[in-house]
Amino acid sequence: MPAARTAPPPPVPAPVRTGALARAEAACIRGYHRVTGLALGPYQSAVIRIGFAFTWLCFLLREWPYRRELYGPQGPFSFDMARQLTDGNHAFSVLVWWDSTAWFEVVYALAIASSALLMLGWRTRTMSVLFMIGVLSLQNRSIFLGDGGDNVIHLMATYLVLTRCGQVWSLDARRAAREAARRQVDGEPERAPRDMTGMVLWALAGASLFLAQLLTDDRLRLTADGPLPGLGWGAVLWGLWAVQGLWWLARRRPRGDLHGVLDALANLVHNAGLLVIMAEVCLIYATAGWYKIQGSRWQDGTALYYPLHLDYFSPWPALADLLAGSGVVVMLLSYGTVMVQVAFPFTVFNRRIKNVLIVVMMLEHIGIAILLGLPFFSLAMIAADAVFLPTGFLLWVGRRLGRIRGRLLPTAGGAPASAPEAGAG
């Protein structure tokens with residue numbers, strides 16, 4: 001008789017995760033999908049883009065008559081001194097490549113153009129890189145001309161490259177929305193447009209990098225210390241150029257694996273960059289507040305009295321004298337400034353208190369701009385504070401501005417409040 005066949009053992013059921021472990025696993029999955037599936041804070045990143053581009057543009061236009069003395073070949077900080085400095089601190093500046101007035105004028109004009117186009121949101125990926133190059137080149141050419149506002153712009157210009165800051169309130173978003181509407185009307189399948197403008201910009205960027213690599217006396221290095229130890233600015237710029245080419249290829253197949261991977265990575269980098277910007281703002285206020293606490297003039301409440309009597313920081317002497325004439329007001333403003341700056345990093349997780357402190361700090365910067373004559377520092381800090389503004393408030397402001405624009409330009413087609421970021425070149 002044949003041997004009896006034994007039945008296979010029943011499958012062992014997978015262990016069921018319950019309690020805290022299951023909740024932790026579900027939270028990790030939700031967090032992963034949130035940071036990779038969506039670029040968070042689209043309106044906050046758009047406000048940061050507009051604010052810093054506008055601030056830098058206004059600064060460049062104001063300093064236009066004195067540009068050569070401040071950052072150009074006619075300045076007291078000579079070309080040789082600038083080259084020695086950048087060789088020592090590994091700072092990036094295209095103005096140390098050639099000692100030429102024509103080259104300086106080209107760089108200055110490109111800095112103005114990139115600031116204006118980034119503010120409008122035209123080809124934001126390319127313009128954010130050019131904006132960063134313009135900011136770093138001019139500020140690192142003459143480092144002794146900067147102040148706190150310049151330092152903030154310096155940092156944020158680098159962080160903006162990491163963000164998808166053209167998702168809303170940009171010409172890129174308008175172009176993407178119009179293309180999607182046209183495909184829906186025509187019944188065309190989902191596919192990216194040919195985008196000749198983006199291809200031309202990408203080709204020009206690659207040609208410019210190639211020429212700079214050949215003609216700059218090893219100033220665009222690949223492995224020298226740059227933004228990170230052992231990583232040169234040449235490697236960073238070539239890497240950004242290559243990623244943009246991959247993104248263009250991925251957009252040709254919106255439902256392909258390459259597009260999904262790159263889109264998830266872009267969202268992840270954007271969210272990380274936005275987190276870094278928030279942490280940077282908190283760090284700025286925390287360090288400023290804690291350093292003030294250590295000063296004797298801030299401890300006795302008289303710190304604001306002295307800058308109000310400096311000619312360099314008194315554009316309105318009568319107003320400064322009126323404010324400084326009240327000891328109680330000076331004391332309240334001195335102590336209030338310290339308390340707000342120290343407390344802000346600890347209140348970012350409380351929506352109501354955070355919103356109140358943001359309003360207080362923005363009013364403080366407006367007062368600094370008027371009383372001390374530091375408009376660009378104040379504009380830079382207000383733009384940085386905007387990262388914490390609530391989305392509902394930004395949407396309300398956008399609707400109000402849209403109505404005003406509709407009244408002034410009734411024939412202009414308005415861009416939608418939210419649209420996917422276009423694949424800018």
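Values below: all heavy atoms of this structure, side chains included; hydrogens, waters and symmetry mates excluded.
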| Min side-chain heavy-atom separation Arg125-Trp247 under 4.5 Å | yes
| task | Quick one: pull up CG in Leu394 and CG in Leu389 and give me the separation to the nearest 0.5 Å. | result | 5.0 Å
| query | Going by the salt bridge (Lys or Arg N to Asp or Glu O under 4.0 Å) test, which pairs reach into residues 341-366, not counting sequence neighbours? | reply | none
Please report, to 0.1 Å, the donor-acceptor pairs under 3.5 Å made by any side chain of residues 45-58, with sequence neighbours excluded.
unit_1: Ser45; atom_1: OG; unit_2: Gly41; atom_2: O; d: 3.0
unit_1: Ser45; atom_1: OG; unit_2: Pro42; atom_2: O; d: 2.9
unit_1: Arg49; atom_1: NE; unit_2: Leu118; atom_2: O; d: 2.9
unit_1: Arg49; atom_1: NH1; unit_2: Cys165; atom_2: O; d: 2.5
unit_1: Arg49; atom_1: NH2; unit_2: Met119; atom_2: O; d: 3.3
unit_1: Arg49; atom_1: NH2; unit_2: Trp169; atom_2: O; d: 2.7
unit_1: Thr55; atom_1: OG1; unit_2: Gly51; atom_2: O; d: 2.8

| query | Less than 4.5 Å apart, any side-chain heavy atom of Arg178 and any of Arg174? | reply | yes
| Who pairs with Leu162 by side chain to side chain contact (heavy atoms under 4.5 Å, CB included), at least two apart in sequence or on another chain? | Val269
| message | Using a 6.0 Å cut-off, check whether atom CG of Asn89 has over 12 heavy atoms from anything other than its own residue. | response | yes
| field | Residues forming a side-chain hydrogen bond (donor to acceptor under 3.5 Å, both in side chains) with Trp233, sequence neighbours excluded | value | none
| remark: Across all chains, not counting sequence neighbours, the side chain to side chain contact (heavy atoms under 4.5 Å, CB included) partners of Leu310 are Phe313
| task | Scan for side chain to side chain donor-acceptor pair (under 3.5 Å) pairs involving residues 378-399, sequence neighbours excluded, and state none if there are none. | result | Gln44-Thr391, Tyr285-Asp385
| field | Side chain Ser114, main chain Met127, donor-acceptor under 3.5 Å | value | no
| Partner set under salt bridge (Lys or Arg N to Asp or Glu O under 4.0 Å) for Asp263, not counting sequence neighbours | Arg164
| query | So do the side chains of Lys292 and Met339 get within less than 4.5 Å of each other, counting heavy atoms only? | reply | no
| said: I'd like to check Ile368 versus His365 (side-chain heavy atoms, cut-off strictly below 4.5 Å). Are they in contact? | reply: yes
| said: I'd like to check the side-chain hydrogen bond (donor to acceptor under 3.5 Å, both in side chains) partners of Asp300; sequence neighbours left out, ordered by chain and number. | reply: Thr302
| Distance in Å, Ser142 OG paired with Glu69 CD, rounded so as to fall on 0.5 Å steps | 11.0 Å
| field | Validation row: Leu371, Leu304 side chains within 4.5 angstrom (heavy atoms) | value | no
| request: Assess the pair Trp64 and Tyr108: is the distance between their ring centroids shorter than 6.0 Å? | output: yes
| Can you find a pair of side-chain heavy atoms, one from Asp321 and one from His309, that are under 4.5 Å apart? | yes
| query | Does any non-hydrogen side-chain atom of Pro73 lie less than 4.5 Å from one of Trp103? | reply | no
| task | Answer yes or no: are there more than 12 heavy-atom neighbours, outside Tyr306 itself, under 6.0 Å from its atom OH? | result | yes
| Any pair counted as ring pair (Phe, Tyr, Trp, His ring centres under 6.0 Å), so long as it reaches residues 135-163, sequence neighbours left out | Phe77-Phe144
| request: Rounded to the nearest 0.5 Å, what's the gap from SG on Cys282 to CD1 on Ile277? Could you check? | output: 12.0 Å
| query | Above 12 or not: heavy atoms from other molecules or residues under 6.0 Å from CZ of Phe79? | reply | yes
| task | Mind checking salt bridge (Lys or Arg N to Asp or Glu O under 4.0 Å) for Arg68 and listing every partner two or more places apart, or none if nothing turns up? | result | Glu105
| query | In this structure, which one of Thr158, Val236, Leu136 forms a side-chain contact (heavy atoms from CB on, under 4.5 Å) with Phe92? | reply | Leu136
| Got a sec, which residues hit side chain to side chain contact (heavy atoms under 4.5 Å, CB included) with Leu246, two or more places apart in sequence or on another chain? | Leu262
| query | To the nearest 0.5 Å, what is the distance between CE (Met278) and CG (Leu283)? | reply | 15.0 Å
| request: Flag the pair Met156 / Val387 as yes when at least one side-chain heavy-atom distance between them is below 4.5 Å, and no otherwise. | output: no
| field | Straight-line distance of Leu138 CG to Ile143 CD1, nearest 0.5 Å | value | 14.0 Å
| task | Identify, with sequence neighbours excluded, every residue that meets ring pair (Phe, Tyr, Trp, His ring centres under 6.0 Å) alongside Tyr335. | result | none
| Say you draw a straight line from CG of Leu40 to NE2 of His270; how long is it, rounded to the nearest 0.5 Å? | 6.0 Å
| Donor-acceptor contact below 3.5 Å, side chain Ser326 vs main chain Leu323 | no
